[in-house]
2 protein chains.
Amino acid sequence: MARLDIDSELLEFLASGRFRPGDRLPTISELQGEELLGISTSKVREQLEVARSLGLVEVRAGMGMRLRDWRFTPAVRLALFFALAMDEGNFELFSELRQHIELAFWDEACVLLDEDDLAALEDCMARARAKLDDEEWIQIPNQEHREFHLGIFRHLQNPFVTGLLEAYWDAYDAIEINRYADYDYLQTVWDYHGRILKAIRAGDFEAAREHFRKHTELLRYPPRRQRVSVTGENALTGVAG
Amino acid sequence: MARLDIDSELLEFLASGRFRPGDRLPTISELQGEELLGISTSKVREQLEVARSLGLVEVRAGMGMRLRDWRFTPAVRLALFFALAMDEGNFELFSELRQHIELAFWDEACVLLDEDDLAALEDCMARARAKLDDEEWIQIPNQEHREFHLGIFRHLQNPFVTGLLEAYWDAYDAIEINRYADYDYLQTVWDYHGRILKAIRAGDFEAAREHFRKHTELLRYPPRRQRVSVTGENALTGVAG
DNA sequence: GCCCTGCGATTAATCAGATAAATCCGATTA
DNA sequence: TAATCGGATTTATCTGATTAATCGCAGGGC
């Protein structure tokens, strides 16, 4: 696999189309045999770990291995993790890409939303509002933020687009958590979400798209850069910060 | 690393920021030690293979290992390889994404082109024309096609965008080679390239963008679906087809 | 008849260690 | 000076052993 920079008997084997998602794969000892891969345990396991990191195979001790559905997200997530490790400024660049992608596929995604989807989005908004309006303990609705935006693209049948968006929100959880925890700012953001949803419901996708554009520009240039201390664990690494 | 689906001492170690691109990493035996990773050879090598597949480390026998610049391309390329292995129809979906991305970042990329870049693009075009006009043996200028489009985005400082585009052209080489080898069609495509370049030179990026849009739609719905047999080796896998 | 327990088979997980191959660097030599 | 050789370093690959997780079946208690 010249262009892949890796030569992996296992990856070639999996790419051969011999198996479909859900299929059980041969055991490691079987794979070692000359008639399959013809490499040692350690080599198989090295390549297996690569396949696992891509979300291609699910492997559990005692149970064997299964081929999983291919998904774009794991690879992007992995790459993005290191992009952020090398330079957190990369998040801005990825955000820019994300904004353009959502804008480009906006209408295509919106027309696929049915009544149930809109109801789910409204419920998501209500939960976000409740978190913000809790007088005792204001919580930042990051989970709802993710849910809202991914919800819009729920039915888009382009795994590359949805994969990039999912990876974006993983990274968002990881590094943006509590970052712009300004009450007025968050209220404004969710006002925009309300307008977006309202416009979608009215079938005016273009207006919704415009609200989205303004909303992301707000995110990029937040009114106050009041950065609160980040406590708790890092959502991407699971390591306490 | 909860969200990464992998827990890798090595990846955490590399992400810790202890090393910069170009730095030599500790040897495998050193990494094994309790004071660094505290895992066995095979485990180190499994995780090393993942890092290598992402293009994060360069490892050569007898020389040791170096941390490389982070790049988005390897991860995307790897994921895309399997996307195509599972279903070649995925290429269409990725093409769609690619078109939108190029459109979205078009102007931003064009303003960064200087005289040398334009000259290089013109040279690229001339070479493509020469291949097409060779009366003895018409060659399909896939290499020039790649060079032309990537050349437009050469100076764009967004590694995610350029990474996705590079991966696209790798896949294009792999599965589209000689696919639409229709002479008139290719002439039309390169006519569009000429118009794109002319418009860029005139500073009319919007017109150039429109030419690009038409050109990609031509690609998506080629006038004749005359599919010629694919011979030679698969550019992605290096395996003869 | 049903549930619980425990045993054995299967399979992945991890480790230790040996050998081979690649590379580098300094000493030797013509 | 330049070419060559040899040893040290480091990765590459393999073998085999032990541990841990899971499953399925048989047996026993109710």
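Side chains are part of it too, since the values below use all heavy atoms of this structure and drop only hydrogens, waters and symmetry mates. All chains are named by letter (A, B, ...) in the order of the sequence lines, taking the proteins before the strands, and each is independently numbered beginning at 1.
Residue contacts for A/Arg60: at a heavy-atom cut-off of 4.0 Å it reaches the sugar-phosphate backbone alone, with no base atom in range. At the heavy-atom level, B/Thr27 lies under 4.0 Å from the strands shown only through sugar-phosphate atoms.
Note: CG (A/Leu31) to C1' (C/dT10) measures 15 Å, nearest angstrom. At whole-Å resolution of the value, CE in B/Met65 and C1' in D/dA12 are 13 Å apart. In this structure, CZ of B/Arg24 is placed 7 Å from P of D/dT11, rounded to the nearest angstrom. Distance CD (B/Glu49) to C1' (D/dT11): 12 Å, rounded to an integer number of Å. Regarding A/Arg45, its CZ atom lies at a distance of 11 Å from the P atom of C/dC15, rounded to whole Å. Atom P of nucleotide C/dT14 and atom CG of A/Leu48 are separated by 12 Å, given to the nearest angstrom. Rounded to an integer number of Å, the gap from A/Ile28 CD1 to C/dT14 P is 11 Å. A straight line from NZ of A/Lys43 to P of C/dA20 spans 18 Å, rounded to a whole angstrom.
Place A/Met63 and B/Leu25 on DNA chain D by their nearest nucleotides, and B/Leu25 ends up nearer the 5' end.
Counting heavy-atom neighbours within 6.0 Å of B/Gln157 CD, excluding the residue itself, gives a total of 12 or less.
The side chain of A/Ser40 lies closest to D/dT15, out of D/dT15, C/dA22, C/dA13. Taking every side-chain heavy atom of B/Ala61 into account, D/dT11 is the closest of C/dC15, D/dT15, D/dT11.
Ring-plane geometry between A/Phe160 and A/Phe72 is classed as perpendicular, the angle between the planes exceeding 60 degrees on a 0 to 90 degree scale with a lower cut at 30. Ring planes of B/Trp190 and B/His193: perpendicular class, angle over 60° (limits at 30 and 60°).
Checked for salt-bridge contact, B/Arg77 and B/Glu166 miss the test: no charged N lies under 4.0 Å from a carboxylate O.
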